[in-house]
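First up is the structure itself, then whatever we jot down about it.
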Amino acid sequence: MDERLEDREELEIDLGILLWNFLQGLARFWWLVILLAALGSAAYYVKNSQFYTPMYQSVASFTVMTGGNSENGQEEGSYNFYYDTTTAGQLAKTFPYILGSSLLTDAIKEDLGVDSISGSISAQAVSDSNLITMTVTSSDPQDAKAILESAIKVYPEVSRFVIGETKFNMIDVPTAPKEPYNQPNFVKKAVKGALLGAAAGIFLIVLYAFFRKTVQTPDELKNVMSLPCLGNLPEMKQKARKKKRRRDISILNKEFSQRFKESLLSIELKAERELQDKNGKILLVTSTISGEGKSTVALNMAYAAALHEKKVLFIDADLRKQTDRRCLTETEGKGLYGVVTGKCSLEKAVEKDGRSGISFLCGSLPVRNVPAVLNRPEFQETLRRVRGEYDLVILDSPPAEMFEDASLMAEFSDGICYVIRHDFVQKRRILESLAGLESSGTTILGYAFNGVPLHKGRYGYYGYGRYGYGYYGKYGYGEQDEETQS
């Protein structure tokens, strides 16, 4: 394939992911847009109502006549359109200069008998004419009129030093304004504030989508590392029932889809083949953080191996969280900790589930100072013993990012299956956790891509249908229950 075409397709995928993240963020943080819109509307309303100062404008219009005699002998004050038009233009251009030089303001103050002028003056000449409009803006309507009348009175004298003798012919005389010219439309201002607030909320969601950078397709990881994907598992959601009863997501449960079962069987087979190539039996299953479905995948891989007529031992190796594990044993002192510390023999600690045929080594109480337990020679000896007694041993360890437990266990394992949940953890964190596991020297066999959403027969907007998944039975898929995912 042409290199430019590959770059184009990669760009399209990135834009698609960005759009998907934005839509996900919008669905999750829609309330933020509404909140900022309400705050913006309130802020603009308060600003324009509490800090509003009414301003008044007094306006006068007049034409400019030149003074003195013309070269043709016309009487003083006669009208010369060309000359008067030029004068009007000069008047508009020189007005800022005259006002800035204090000539006009000093003359107005002297005329009004005040120390300062409580208003601003502006003038505008109509194009190609000698018509001028002069405006005074002030917070007091009477001051606006008085200042304008004074300006008209003294301006000819002041401008005489700049453009010569002038005379004003009044068209619209100054009047005291009755209403402020800047009367605000509070409803319009409130709507403007709401729109700006909503835009700020959408901008924050765009930033959220841009910086999210979670793993949403298996191909994303292929671009940055050579770790193979063992398989994809759909995100599962059970239908609500009147009687709330926890049901683990299990391939032994006939109510769940046959395709889900086939996907997990495939993942287990791939991992088992990788282990057999290395003459290994101990498989460590971990993830970056909790909530990625690590324990669900580990337990179902054990079920899948048992269906393949393998003698399987499932070890609950998350010693920090024993009380929340799915295990048969509830007797204090049993489990991996009890065996390693000599409180219980391996034979007494292991219990076999008659339904699945799996042997379980699970405890019931959380353990303190876990690294000290895992560094004991008895831990390595326990793994050596079970390696000789079982075809497959699955270690369900804590998340790799949070604790060093997974790395310590990896040193005595034959392979690692890493669980990555769709759109859950940033790629940077995943890569850092994988780098920590690789330092143990144990081979990472691949990763199981878990919790991939299904939309109308295809995974996501970018088409996971190519992986061969269709509609998964009578159960839909959505947000996984934390209790049944981890």
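What you see below is based on every heavy atom in this structure, not just the backbone, and it leaves out hydrogens, waters and symmetry mates.
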key: Any Asn300 side-chain heavy atom under 4.5 Å of Leu233 side chain   = no
Spatial distance of atom OG (Ser359) from atom CZ (Phe314) [nearest 0.5 Å] = 12.5 Å
query = Backbone N or O of Leu437 within a donor-acceptor pair of the Ser440 side chain at under 3.5 Å?
reply = yes
key: Whether Ser413 side chain and Ile282 backbone form a donor-acceptor pair below 3.5 Å   = no
inquiry  = If we check salt bridge (Lys or Arg N to Asp or Glu O under 4.0 Å) with Asp414, which of these qualifies: Arg387, Lys281, Lys278?
reply    = Arg387
Salt-bridge present (Glu381, Arg384; N to O < 4.0 Å) = yes
request  = Using a 4.5 Å cut-off on heavy atoms from C-beta on, say whether the side chain of Glu404 contacts that of Pro371.
outcome  = yes
key: More than 12 heavy atoms of other groups within 6.0 Å of Tyr45 OH   = no
inquiry  = If we check side chain to side chain contact (heavy atoms under 4.5 Å, CB included) with Asp391, which of these qualifies: His308, Glu272, Lys311?
reply    = Lys311
ask   = So does Glu309 have more than 12 non-hydrogen atoms from other groups sitting under 6.0 Å from CD?
value = no
task = Using side-chain hydrogen bond (donor to acceptor under 3.5 Å, both in side chains) as the criterion, point out the one residue from Asp318, Asp396, Thr288 that pairs with Lys294.
result = Asp396
query = Quick one: does Ile251's side chain get under 4.5 Å of Leu307's, heavy atoms only?
reply = yes
task = Without swapping roles, check the side chain of Arg320 against the backbone of Val370 for a donor-acceptor pair under 3.5 Å.
result = no
Inter-residue atom distance Ile444.CD1 - Leu434.CG, 0.5 Å rounding = 4.5 Å
ask   = Considering only heavy atoms from C-beta outward, does the side chain of Ser397 approach that of Thr286 to under 4.5 Å?
value = yes
request  = For residues Asn450 and Phe424, determine if any side-chain heavy atom of one lies less than 4.5 Å from a side-chain heavy atom of the other.
outcome  = no
message = Looking at Glu274 and Lys270, is any side-chain nitrogen of the basic one under 4.0 Å from a carboxylate oxygen of the acidic one?
response = no
ask   = When you measure from the side chain of Asp423 to the backbone N and O of Gly451, does any donor-acceptor pair fall under 3.5 Å?
value = no
message = Is any side-chain heavy atom of Ile205 closer than 4.5 Å to one of Phe22?
response = yes
inquiry  = Determine whether a donor-acceptor pair (N or O, by modelled atom type, separation under 3.5 Å) exists between the side chain of Ser138 and the backbone of Ser118.
reply    = yes
key: Set of residues satisfying salt bridge (charged side-chain N to carboxylate O under 4.0 Å, His left out) with respect to Glu411, sequence neighbours excluded   = none
query = If you look only at pairs with a residue in residues 183-204, which of them pass as a side chain to side chain donor-acceptor pair (under 3.5 Å), with sequence neighbours excluded?
reply = none
query = Given side chains that start at C-beta, do those of Thr442 and Leu284 come closer than 4.5 Å, heavy atoms only?
reply = no
ask   = Has Phe210 got more than 12 heavy atoms of other residues, nucleotides or ligands less than 6.0 Å from its CZ?
value = no
ask   = Any sub-3.5 Å donor-acceptor pair from Arg429's side-chain atoms to Ile289's backbone N or O?
value = no
request  = Answer yes or no: does atom OH of Tyr181 have more than 12 heavy-atom neighbours from other residues, nucleotides or ligands under 6.0 Å?
outcome  = yes
Polar side-chain atom of Ser58 near backbone of Pro177 as donor-acceptor pair, under 3.5 Å = no
task = Measure the shortest side-chain to side-chain distance between Asp316 and Leu336 over non-hydrogen atoms and say whether it is less than 4.5 angstrom.
result = no
request  = From the options Val393, Leu395, Leu445, Ile416, select the one residue that forms a side chain to side chain contact (heavy atoms under 4.5 Å, CB included) with Leu283.
outcome  = Leu445
ask   = Donor-acceptor pair, Glu378 side chain versus Thr341 backbone, under 3.5 Å?
value = no
request  = Provide the full list of ring pair (Phe, Tyr, Trp, His ring centres under 6.0 Å) pairs with a residue in residues 361-408, sequence neighbours left out, each pair given once.
outcome  = Phe379-Phe412
